[in-house]
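Have a look at the structure below before the remarks.
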Amino acid sequence: MREHDALEHNPQVSRKALEALHSQLFGWALSRCGFDQATAEDLMQQAYVEVLSGRARFDNKSTLKTFVFGVVQNLARSRFRRLAVHMRLIKTYANAPVDEVTNDGHEDHQEQRRIWQAVESLPRRQRDITELVFCRDMTIEAASAVMGVSLGSGRVHYDRAKKALAGALAGMQTNETLT
Amino acid sequence: MSDKNTQEKLQKALAAVHAETPPAFAEVWAAAERQNETSRKRYAGFVAVAAAIVVGVTAFGLWSANEVEMTDEFLIADALMNSTQWSAPSDLLMPEYRFDIYQDIPLLMESTELQEGSLL
């Protein structure tokens, strides 16, 4: 059914529905460009342009969330890839001395950082499916669609990621117990 | 470790490491609409220029084709005008081409003498 604020070139999409997904989508866009705020905002804008112009067309074959996450993923892959790698490198080197400074008091923050580093150290697809399933509340099927891989392939990535993460997190707990 | 537990841990870690403060939807949406409108106008301009070029080329093509036809018509008319000056094919048989053999009026013999009531 066409909603009253449905988009001209994307009649199955309404502005209201996109607004409801805005925060989640921004989180995903951030992750796609090395957590750089400005680049993520630009990526979001581009994604909305794609939807507005009808170049990315939603046909109700998946949920709207899967669709827009896919749009962001494809845009990031095609246009922001080089920039994302660049941003990630900057973050890597910029964050190195910060770790040492924060070692003093923020134990909890350090633990969170280590947990997230365990996620970031996973191979790209395993990292993506971990983030989509665990942090963005998606099913493996939807996450696979966003990533552009088959469901079977998605399941394999998910399974491997879970095992690797379990190992990494268990290792962290052992280290904490020892110290 | 259960999936629920992992999920909680990862969500907490992500929130702690990377604060996600999304910009206002209305702002991003308005910017996207402006960009879409600009690119739409640019595209429309490009299409208009392309259409103008196509129309121009077609018009020129038609005009030049018409020009050729008019020249042909003119040539036909010119040929018709020329055809009003007609010369008989047998003129070629004359002693001198296009020379009138009867340049002078021939002299007729005249007589005032009568013979049996008639002039000789």
Are [X] and [Y] linked, directly or through other ILVMFWY residues, by side chains that come within less than 4.5 angstrom of each other?
X	Y	answer
B:V17	B:L10	yes
A:L21	A:V71	yes
B:Y43	A:L7	no
B:V55	B:V47	no
A:V149	A:V156	no

What closest approach, in Å, do [X] and [Y] show between heavy atoms, and which atom pair accounts for it?
X	Y	result
A:H22	B:A24	NE2-C, 4.0 Å
A:Q37	B:P23	NE2-CD, 4.5 Å
A:W116	B:L14	CZ2-CD1, 3.4 Å
A:L169	B:K9	CD1-CD, 4.5 Å

Chain B heavy atoms under 4.5 Å from [X]: which part of the residue, side chain, backbone, both or neither?
X	value
A:V119	side chain
A:E50	neither
A:E120	side chain

Which is it for B:E33 and A:L52 under the side-chain contact (heavy atoms from CB on, under 4.5 Å) test, yes or no, and what are the steps along the way? CA-CA 7 Å; B:E33 278 183 326; A:L52 268 169; 3.6 Å; yes
State whether B:E20 and A:R136 are salt-bridged, where the test is any N-O pair (Lys NZ or Arg NE/NH1/NH2 against Asp/Glu carboxylate O) under 4.0 Å.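 Yes, this pair counts.
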Taking the ring of A:Y48 and the ring of B:F25, is the distance between their centroids below 6.0 Å?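 Between B:F25 and A:Y48, the centre distance is under 6.0 Å.
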Tell me, yes or no, whether the heavy-atom count around B:Q7 atom CD, taken from other residues, nucleotides or ligands under 6.0 Å, exceeds 12. yes
Hey, could you give me the [atom1]/[atom2] distance between [X] and [Y], rounded to the nearest 0.5 Å?
X	Y	atom1	atom2	result
A:L30	B:T21	CG	OG1	7.5 Å
B:Q35	A:Q46	CD	CD	4.5 Å
B:E37	A:S53	CD	OG	12.0 Å

Heavy-atom side-chain proximity of A:L18 to B:W29 below 4.5 angstrom: yes
For the residue pair B:D3 and A:K162, establish whether any side-chain heavy-atom pair is separated by less than 4.5 Å.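 Side-chain contact under 4.5 Å: yes.
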Given that the side chain runs from C-beta out, which part of [X] has a heavy atom under 4.5 Å from chain A: side chain, backbone, both or neither?
X	result
B:S39	neither
B:A19	backbone
B:E8	neither

Report yes or no: does B:Q11 contribute a side-chain atom to a donor-acceptor pair with the main-chain N or O of A:F134 at less than 3.5 Å? yes
Which one wins on heavy-atom pair count under 4.5 Å against chain B: A:V51, A:D137, A:T130, A:V49? A:V49
